[in-house]
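Note sheet for the following structure.
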Amino acid sequence: WKFEVRRIPNGLALTGGKEIVNTFTGDCNPANAIYELLTDTEWGMGLPSSDVDLTNFTTAANTLFDEGNGWAFVWDAEREISEILAEIERQIDGRVYLDRGTGKWKIKLIRADYVLSSTTILTEADVEIGDDWRKGDWSETLNQVYVKHWVYDFVADDWKQSEVNAQDLANFNIQGRFKPARLDFPGVKDKALAQSLALEQ
């Protein structure tokens with residue numbers, strides 16, 4: 001006998017099925033996972049739900065659902081909560097932080113969601129360059145990224161590790177060689193999401 005089980009948390013009480021990001025792989029919404037890491041009294045940090053900005057978390061959850069960014073992770077060994085949180089932050093390209101003004105925890109997704117004309121403009125008079133500053137070089141950049149993730153093998157009727165890659169051919173033409181990096185996203189079980197993450201690196 002073989003059983004595959006899943007658990008979909010929905011502490012944020014998301015509606016419209018947005019607690020499940022991918023119906024085939026059954027991924028949970030990462031914002032719900034983060035909410036549990038912060039508030040669960042058994043294995044989380046045990047913070048009161050009133051310490052979490054629910055409106056902010058729900059907005060982030062809606063964005064992650066729309067992007068198809070789901071979290072599916074087997075936590076079967078002793079690990080620090082901060083480690084798991086950092087893994088989710090890395091996948092969703094966001095940060096969980098305590099807003100000192102409100103005293104509540106928030107999620108900030110790193111997206112192009114700003115208006116350039118309303119951002120602060122710094123001039124040479126506003127900044128000071130340290131003695132150890134130097135201009136970066138092309139040789140310090142990467143131009144090929146491999147992303148490990150999990151996919152379902154219908155022949156073997158089981159999950160297996162797979163890999164997608166993305167290349168920056170303009171960078172390759174400048175450097176004249178490939179400079180690769182291999183990244184592992186253990187919470188990803190969707191090839192399209194893995195490809196998207198590879199392109200963003």
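Residue numbers count from 1 along this sequence.
With a 4.5 Å cut-off on side-chain heavy atoms, Leu193 and Gln91 count as touching. Side-chain contact between Val21 and Trp71 is absent, with no heavy-atom pair separated by less than 4.5 Å. Here the side chains of Trp105 and Thr39 are not in contact, with every heavy-atom distance at 4.5 Å or above. Asn143 is not listed as a side-chain neighbour of Gln167, based on a closest heavy-atom distance of 4.5 Å or more. Contact annotation: the side chain of Leu37 approaches that of Trp43 to within less than 4.5 Å [non-hydrogen atoms, C-beta and beyond]. Counting heavy atoms from C-beta on, the side chains of Tyr35 and Pro9 never come closer than 4.5 Å.
Between Phe73 and Trp75, a ring centre-to-centre spacing not shorter than 6.0 Å is recorded.
With hydrogens and angles left out, the side-chain atoms of Asn171 and Thr141 include a donor and acceptor closer than 3.5 Å. Side-chain atoms of Asp126 and Thr123 form a donor-acceptor pair, as typed in the model, at a separation below 3.5 Å.
Surrounding CD of Glu128 are at most 12 heavy atoms belonging to other residues, nucleotides or ligands under 6.0 Å away. In Arg79, the CZ atom is crowded: over 12 heavy atoms of neighbouring residues, nucleotides or ligands sit closer than 6.0 Å. In this structure, Tyr97 places its OH atom where more than 12 heavy-atom neighbours from other residues, nucleotides or ligands lie under 6.0 Å away. For Lys104, the NZ atom is densely surrounded, since the number of other residues' heavy atoms within 6.0 Å is greater than 12. In this structure, Leu169 places its CG atom where more than 12 heavy-atom neighbours from other residues, nucleotides or ligands lie under 6.0 Å away. With a 6.0 Å radius and a threshold of 12 heavy atoms from other residues, nucleotides or ligands, Lys106 has its NZ atom above the threshold. Crowding of Glu80 atom CD: a count of heavy atoms from other residues, nucleotides or ligands under 6.0 Å not exceeding 12. Within 6.0 Å of CD on Glu83 lie more than 12 heavy atoms contributed by other residues, nucleotides or ligands.
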| task | Evaluate salt bridge (Lys or Arg N to Asp or Glu O under 4.0 Å) for Lys108 paired with Asp113, printing each intermediate quantity in order. | result | CA-CA 11 Å; Lys108 174 57 183 171; Asp113 55 359; 3.3 Å; yes
| query | Can you check side chain to side chain contact (heavy atoms under 4.5 Å, CB included) on Trp150 and Gln161, steps first, answer last? | reply | CA-CA 4 Å; Trp150 291 88; Gln161 272 207 317; 3.6 Å; yes
| request: Go through the steps for His149 and Lys191 under the test side chain to side chain contact (heavy atoms under 4.5 Å, CB included), then give the verdict. | output: CA-CA 7 Å; His149 63 290; Lys191 182 178 181 180; 4.1 Å; yes
| request: Could you walk me through whether Leu109 and Asp93 pass side chain to side chain contact (heavy atoms under 4.5 Å, CB included), step by step? | output: CA-CA 6 Å; Leu109 299 176; Asp93 196 14; over 6 Å; no
| message | Could you walk me through whether Lys18 and Asn62 satisfy the side chain to side chain contact (heavy atoms under 4.5 Å, CB included) test, starting with their C-alpha distance in whole Å, then the side-chain angles of each, then the deciding distance to 0.1 Å, before giving a yes or no? | response | CA-CA 7 Å; Lys18 292 187 177 183; Asn62 289 333; 3.3 Å; yes
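Classification of the Phe154-Tyr152 ring pair by plane angle, with boundaries at 30° and 60°, yields perpendicular.
Between the CZ atom in Phe65 and the CG atom in Leu14 there is a gap of 9.5 Å [rounded to 0.5 Å].
Smallest separation of non-hydrogen atoms from Val96 and Glu89: N-OE2, 2.7 Å.
Ionic pairing of Lys179 and Asp168 is not present here: no N-O contact between side-chain nitrogen and carboxylate oxygen is shorter than 4.0 angstrom.
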